[in-house]
Amino acid sequence: MKLPNRLFNGAARIDWPCLPNARRIDMAAVPMVVEINRHGMLVDPRVLADLDARLQVKMAALAEDISTLAGRPINPGSFQQVGKFLFEDLRLEPTTRAKKTSTGLPSTEEDVLVGMLAQHPAVGLVLDYREAQKLSGTYCQPLQALRGADGRVRTRLMMNVARTGRLSSETPNLQNQPTRTEEGRLVRSAFIAQPGCVLSSLDLSQIEMVWAAELSHDPVMCDVFRMGQDLHVWTACALFRLDYARISGLWARYKRGELEGAELAEIRDFELTKRLPAKTLGFAVLYGVTALGLQAQILAAGGPLWAEQECQSFIDAWFHLYHGILEWLELQHYRARRYGMVWTAFGRPRAIPEVYSVHAAVRAEGERQAGNMADQGSAADHIKLVMGETMAVVDYYRGLGKICQPVLQVHDELIFELEPDIAEEFNSTGLWIMANAVRPMSVPVKAAASVGANWMELK
DNA sequence: CGGGAGCGCGCG
DNA sequence: AAAGCGCGCGCTCCCG
């Protein structure tokens, strides 16, 4: 395999599998992990109880409507019963490729059902039921049950579960609290600060894309970040051949809320039909997405049904634009085969035995994991270093007699409980640490902060 | 009735 | 031929 010198020159220092840094990075994060596990997050049970009551009513009504449409009792929580109803009784057809389940019928997962919404009103009812069931059963009820005598829920952040070096969170998992729907965000509003305090969040902006640029040295992506541009706007303009100077000007004014009339309509259309697919594809590429996977995802996001060929051209165009990313992914695959492992920018290793399998599908799985590990893992190492350095700032404010309490880490963001008079200063120090914890980097790291009375108000 | 498999879905 | 990385967890169904 012929690789450009750019990759070998940049990689030479780290092109050895077993640097010892992973352990030191984990140790740096331990004090804040302990703080988070001991302190917990304060939860307002009334918010959850109110939401749950509304969800129960909704679920009962939806279950009845679905049973009426079916002409017999249906439990919408049973994928077997739903599958029989939609695919046998109604003879509906999936619009995307749906894998078969053990029942012999197509899967009833969300992507498939969204594509079939127009075929029958029952499809939408099933989706609505599932959303309500998820919010009630996974969030409202367990969070109330797990509240301690002091009104706090205490997660357990685990450091030795995720093979990329990320933390994981259990009983309850506080790293998957809803944020993507309006009703889901109400769950976040139940997480509050203790009286006299506010919640504050520090967020590493687009950190996985920044690390993709840093690790690959892709000249185009690096330049976009160096210019401080919005990567997804830039990508969308390049892929759809739009005038970047004009669009980025509109985008900046749109973000400031200055647009109206025709210009507002234009940029909203741009955001939905151009920027969103470009953003989706950016992440998907690092997961090793295929054309059919992209097709299903665009549909699920409420976008148009693109032909498989259109999706493939979109992916090809992305790799043509960011050719350095393609070369770097191939380098990761090569390393996995050469060493049986890949490693992050800081030397955290991960074994990838799958690349030696006799099965092509297993090898492909290994290559996707190899391509993703350095990116996800370097971002995880990065925030662990930030956690270590930020604890010194926490101790400083505690020395002044202030309440300054880390309460959660969610992969690229940290949440704190603070007295409001130190929030601004604490946040600006935290932002500086996030941007400078790793040096030198060839692309700038950006971070964002926000303050609110509850978790829903953050960001 | 506890445990596990299979499915589905919340987050980054 | 298969078809998206990393997690945790709820529900249904089936088995012992």
Side-chain angles (χ1 to χ4, degrees), chain A residues 59 75-83 96-103 105-113 126-127 129-143 146 155-158 160-181 183-185 187-188 203-204 206-209 212 280-281 283-297 300 308 311-312 315 329 332 342 350 352 359-377 379-380 383 408-413 455 459:
Chain A
M59 283 162 62
N75 177 357
S78 163
F79 65 89
Q80 288 184 8
Q81 294 181 34
V82 169
T96 54
R97 178 75 151 270
K99 56 177 179 223
K100 294 273 199 284
T101 64
S102 54
T103 60
L105 296 172
S107 158
T108 65
E109 64 186 5
E110 188 173 348
D111 294 7
V112 178
L113 261 44
V126 170
L127 286 170
Y129 180 92
R130 285 206 184 141
E131 186 185 353
Q133 159 103 312
K134 183 82 178 178
L135 288 177
S136 168
T138 304
Y139 301 105
C140 292
Q141 293 178 8
L143 283 175
L146 290 167
T155 186
R156 299 206 310 155
L157 291 185
M158 309 292 287
N160 288 305
V161 177
R163 283 173 298 178
T164 53
R166 274 188 173 187
L167 302 186
S168 72
S169 163
E170 57 181 46
T171 56
N173 181 353
L174 291 186
Q175 291 180 323
N176 72 345
Q177 298 304 307
T179 189
R180 291 172 193 176
T181 66
E183 233 172 9
R185 278 192 288 276
V187 173
R188 289 202 173 204
D203 185 313
L204 279 163
Q206 300 192 46
I207 190 61
E208 289 202 16
M209 296 310 289
T280 304
L281 184 52
F283 293 112
V285 158
L286 298 173
Y287 299 156
V289 79
T290 62
L292 280 172
L294 183 64
Q295 180 192 51
Q297 189 165 330
E308 181 179 355
C311 294
Q312 188 59 57
I315 294 172
L329 285 172
Q332 295 304 106
V342 288
R350 172 177 175 178
I352 314 275
H359 302 289
V362 176
R363 288 201 302 274
E365 184 187 347
E367 291 188 347
R368 289 195 300 272
Q369 292 166 346
N372 188 253
M373 161 66 187
D375 193 42
Q376 183 180 124
I383 198 156
L408 193 61
Q409 185 253 44
V410 192
H411 308 308
D412 62 358
E413 73 175 313
W455 194 356
K459 237 192 329 194

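Every chain is numbered from 1, with letters handed out A, B, ... down the list of sequences.
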**Report entry** Nearest heavy-atom neighbours spanning Gln332(A) and Val342(A)
**Finding:** O-CG1, 3.5 Å

Query - Smallest separation among heavy atoms of Gln177(A) and Leu143(A), with atom names - result: OE1-CD1, 3.6 Å

Query raised in the report: What distance, rounded to whole Å, do you find between the two C1' atoms, one in dA1(C) and one in dC9(B)?
Result: 27 Å

Please examine the side chains of [Y] and [X], heavy atoms only from C-beta on, and report whether any two atoms are closer than 4.5 Å.
X         : Y         : value
Ile383(A) : His411(A) : no
Val82(A)  : Tyr129(A) : no
Tyr287(A) : Arg368(A) : no
Leu135(A) : Arg130(A) : no

Need one value for [X]: base, sugar-phosphate or nothing, where a base atom within 4.0 Å counts as base even if backbone is also close, heavy atoms only.
X         : value
Asn75(A)  : sugar-phosphate
Ala162(A) : sugar-phosphate
Arg363(A) : nothing

Atom-pair distance ([atom1] on [X]; [atom2] on [N]), nearest Å:
X         : N       : atom1 : atom2 : answer
Gln141(A) : dC11(C) : CD    : C1'   : 12 Å
Ile352(A) : dC5(C)  : CD1   : C1'   : 11 Å
Gln81(A)  : dT12(C) : CD    : C1'   : 9 Å

Report summary line: If one requires at least 3 consecutive Watson-Crick or G-U pairs with distances under 3.5 Å, the stems of DNA chain C turn out to be B:1-12 with C:5-16

Query raised in the report: Is Glu110(A) salt-bridged to Arg180(A), going by a charged N under 4.0 Å from an acidic O?
Result: no

Report task. Can you check each nucleotide of nucleotides 5-12 of chain B against protein heavy atoms at under 4.0 Å and return B for base, S for sugar-phosphate only, - for none, in 5' to 3' order? Result -> -SSBBBSB

Report summary line: With the side chain defined as heavy atoms from C-beta on, Val161(A) is closest, among dC13(C), dG8(C), dA2(C), to dG8(C)

**Report entry** Test salt bridge (Lys or Arg N to Asp or Glu O under 4.0 Å) applied to Glu183(A) and Arg188(A), step by step
**Finding:** CA-CA 10 Å; Glu183(A) 233 172 9; Arg188(A) 289 202 173 204; over 6 Å; no

**Report entry** Side-chain N,O (Ser168(A)) to OP1/OP2 (dG8(C)) below 4.0 Å
**Finding:** yes

Query raised in the report: Would Gln175(A) and Ser168(A) satisfy side chain to side chain donor-acceptor pair (under 3.5 Å), going step by step from the backbone distance to the final call?
Result: CA-CA 8 Å; Gln175(A) 291 180 323; Ser168(A) 72; 5.9 Å; no

